[in-house]
Asker: 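Quick one: the structure is below, questions incoming.
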Amino acid sequence: MSQRETVIVLDFGAQYSQLIARRVREAHVYCELLPWDTEPEQVMALNPMGFILSGGPASVYEAGAPYLKSYVLESGLPILGICYGMQLLAHQLGGKVAPATQREYGLAQLQISKVGQSTAIFDQLPNEMTVWMSHGDRIDAMPPDFEPIAQTVNSPLAAMGNRNRRIYGLQFHPEVAHTPLGKDILNNFLRRVCDCQGLWTPGAFVEESVSMIRQIIGDSQVVCALSGGVDSTVAATLVQRAIGDRLTCIFVDHGLLRKNEGSQTMRLFQEHLGLRVIMVEAQTRFLKRLIGVEDPELKRRIIGEEFIRVFEIEAQKLGQVNFLVQGTLYPDVIESTSVETRAAQKIKTHHNVGGLPADMQFKLIEPLRYLFKDEVRQVGLQLGLPPEIVFRQPFPGPGLAVRIIGPVTPEALKTLQEADAIVREEIEKAGFGRTVWQFFAVLTPVRSVGVMGDGRTYGKLVAIRAISSQDGMTADWARLPHELLAHISNRIVNEVPGVNRVVYDITSKPPATIEWE
Ligand code: XMP
């Protein structure tokens, strides 16, 4: 194992905790986001070089509020507290936190005082900068031996530090884009305070993973469900690097793929990536089970179950297999444990086709378990995967079934595939392929009157959905040029039989979601 530099982000329930972890990774330092009450042994086993304490919605003096466990302060390691994290430091180190009369929320001008000793986190930065504030309580008195190092009009103590103890606190959020120099502040903490060099690179990750996978798998046989998406492809390629042909991939064509997608993806797997792939043509099976099903969650469940069944049958044919590769990413791991989502409401079941067959006798190999999506793409490039895989837009596991509103039929599938192919071809041709996060067609059950030639038509309504987003969690509709939309609409009504009307979806997420179902 290489000498990995690790920083721990303790999550106190802030909306932005994941962002902190992403920023740290962008600074080439490995970090893990763990709930504030994680067992000390588990945290210290990671051999951290420092801690970052996230913000959170609580007040430090509330009964039952999350607190900083003593091992963190006792470790003597560098600590950066952000917002609630800073208040905790103040409260637990002998300072005073007071309930705010007014919540401070929004942009503020930060004045940095560089007269003290404790300004390492502002080194090489201007004396004044814009920052994003979002806090209720404020700090009235610092703990002994701390210095005030920055202020805003409303927060005379916007940042504090103790150089000797290597502990810093920020009342504002350096992790959000609204704090333009926030990255540099975090970088300073990581490099100048924690002494990290920034060894976390895609190359180092590949090397480390390949040797770890080899060790874990030994001489066993491994199976992987490929979907054609970037996650499962990168995961499979990594495992193949480690163990070669002892990996067999299974690609289930459930018939809900985009036009020509099955054959194109297979060609890519075999010719470009040299993966050993078995393709299962299971269209009829899936379509049969979906007859008459309208409810989107039921569609998801059926497709998920059917997928597992098909996968099991194929995997059994392979004989003795011990491991199953999955492309699980870090946000999924965080989601299952985070403070914030312990009580979160489920909007959709994002079942990933290729998901875990719960009762199968495999041990799991999840080589991307600690990566964010952008890191997976970097690793993909490092492994030499072609851009059409690395930058592929997200495609839901249940495929076109959740883009056909109402029952899925072979006719509806054909109509949607044709319309969708036009949407994708034209948006890509116009050069928006990389900047628009997702773009696709949706087939609605709405029928409307039209006129073609001299005759009346009563045809189907297709919607175009194109959105910009950073992570799929929130999204805005893409401001595509009217001419492009006009051209797409024109082509769809002329080329796709049965469609006589096209609309453009101009709703953001929230309140809508990206997919219509
Ligand atoms: P929504 O529609 O919830 O979508 O705004 C957010 C992102 O998730 C994708 N999505 C899915 N992915 N299985 C998946 O693997 C699903 O059932 C599913 N539903 C939505 C969607 O395409 C978008 O990228």
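The structure displayed is predicted, hence computed values, not measured ones. Read the numbers this way: they start at 1 and go in the same order the structure lists the ligands and their atoms.
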Asker: For Q438, is at least one N or O under 3.5 Å away from an N or O on ligand 1?
Answerer: yes
Asker: So with a 6.0 Å cut-off around CD of Q470, is the heavy-atom count from everything else above 12?
Answerer: no
Asker: Hey, is CD on E207 packed in by over 12 heavy atoms from elsewhere, all under 6.0 Å?
Answerer: no
Asker: Are any of the N/O atoms on K509, whether in the backbone or the side chain, positioned under 3.5 angstrom from an N/O atom of ligand 1?
Answerer: yes
Asker: Checking side-chain hydrogen bond (donor to acceptor under 3.5 Å, both in side chains) for the pair Q283/E281: CA distance, chi angles, key distance, verdict?
Answerer: CA-CA 6 Å; Q283 295 91 326; E281 309 254 9; 3.1 Å; yes
Asker: Counting both backbone and side chain atoms, is some N or O of P398 under 3.5 Å from an N or O of ligand 1?
Answerer: no
Asker: Has ligand 1 got any nitrogen or oxygen that is less than 3.5 angstrom from a nitrogen or oxygen of R300?
Answerer: yes
Asker: Answer yes or no: are there more than 12 heavy-atom neighbours, outside K373 itself, under 6.0 Å from its atom NZ?
Answerer: yes
Asker: Take the angle between the ring planes of F205 and W200 and call it parallel below 30°, perpendicular above 60°, tilted in between.
Answerer: perpendicular
Asker: Indicate, as side chain, backbone, both or neither, the part of P394 found under 4.0 angstrom from ligand 1 when only non-hydrogen atoms are considered.
Answerer: side chain
Asker: Look only at interatomic distance and state if F395 has a nitrogen or oxygen under 3.5 Å from any nitrogen or oxygen of ligand 1.
Answerer: no
Asker: Counting each atom of ligand 1 from 1 as listed, which ones have a heavy atom of T513 under 4.0 Å away?
Answerer: 1 (P), 2 (O), 5 (O)
Asker: Atom CZ of residue position F391 - does it have more than 12 heavy atoms of other residues, nucleotides or ligands inside 6.0 Å?
Answerer: yes
